[in-house]
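Here the structure is laid out as structure tokens; the discussion comes afterwards.
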Amino acid sequence: MAELVNLVGIAGSLRKGSYNRSALRAAVKLIPPGSTLEIVDLDGIPPFNEDHEKEFPPLAREFKTKVSAADAILIATPEYNYSVPGVLKNAIDWASRPYGDSAWNAKPIGIMGASVGMLGTARAQYHLRQMFVFLNMFPLNQPEVMIANAAEKFDEQGNLKDAKTSEKIKELLEALVEWTRRLKKTRA
Ligand SMILES: Cc1cc2nc3c(=O)[nH]c(=O)nc-3n(C[C@H](O)[C@H](O)[C@H](O)COP(=O)(O)O)c2cc1C
């Protein structure tokens, strides 16, 4: 039997009714057999300060430890002002430090995003991909999951009600798990 693949899901929004967290919750229900998805919260992680990178604040340490332990990462990000929300960039920065001890190194990663706008976080997603070059991550290229007009795709309780989006998230999860297994094999 194939080895279990453990994914960590990160929503780039702290908002209670976040569409991106809702998208991750939908992903938990769509996860393929032989894999798990744990959603990790960014709430309370303090702003990055290089003076503290040798002795991390507890929530930043906890976040970095979870990223390190994951086989792969799934990010669901909003787009803020055509880019990545500060809370997500902040968490990425913490887990990348100190230099030479990044938790992101060689991690497979899948990206999706939900926006109330028409481009479904495309610009934020490409900014993330640029960061992943320096972090030496292995992002999955396809499928791209850009959830536009998010207010129409989720109900009032945050349940995903759009069948096409659901299918796209399922495809992304399957591809990410397969990609993670393939990369693991090349390292074995
Ligand atoms: C500071 C800020 C900037 C935003 N900038 C964009 C943007 O550039 N593009 C976009 O499509 N939506 C933008 N939005 C709207 C977000 O798509 C919307 O708030 C979305 O619901 C955020 O994701 P969440 O539901 O996961 O919190 C912005 C929202 C905020 C609060």
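Every number for a ligand or one of its atoms is a count from 1 in the order of the listing. Remember, predicted model here, so these are calculated numbers, not experimental data. Residues take their numbers from the sequence shown, with the count starting at 1. Because only heavy atoms are used, hydrogens play no part in the values below, and waters and symmetry mates are left out as well, while side chains stay in.
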NZ (Lys161) with more than 12 external heavy atoms under 6.0 Å: yes
Under-4.0 Å heavy-atom contact between protein and atom 21 (O) of ligand 1: yes
Glu79, portion touching ligand 1 at heavy-atom distance under 4.0 Å: both
Selection from Tyr82, Phe154, Tyr80 by shortest heavy-atom distance to atom 29 (C) of ligand 1: Tyr80
Check: Phe138 main-chain N/O paired with Lys107 side-chain donor or acceptor under 3.5 Å: no
Pick from Ser22, Ser13, Gly17: the one approaching atom 27 (O) of ligand 1 most closely through a non-hydrogen atom: Ser13
Any donor-acceptor N or O pair under 3.5 Å, side chains Tyr126, Glu144: yes
Atoms of ligand 1, numbered as shown, that sit under 4.0 Å from any heavy atom of Pro78: 22 (C), 23 (O), 26 (O)
Check: Phe63 ring centre within less than 6.0 Å of Trp94 ring centre: no
Ligand 1 atoms in contact with Asn20 (distance to a heavy atom under 4.0 Å): 23 (O), 24 (P), 26 (O)
Whether over 12 other heavy atoms sit under 6.0 Å from Lys170 NZ: no
Option whose closest heavy atom lies nearest to atom 18 (C) of ligand 1, chosen from Val116, Leu14, Asn81: Val116
Presence of salt bridge, Arg181 and Glu178, under 4.0 angstrom: no
Numbered atoms and elements of ligand 1 in range of Tyr19, under 4.0 angstrom, heavy atoms: 21 (O), 24 (P), 25 (O), 26 (O)
Nearest-option assignment for atom 11 (O) of ligand 1, heavy atoms, candidates Ser115, Ala148, Gly117: Ser115
No-hydrogen, no-angle side-chain donor-acceptor test under 3.5 Å, Asn6 and Thr36: yes
For ligand 1, the portion of Ser18 having any non-hydrogen atom under 4.0 Å away: both
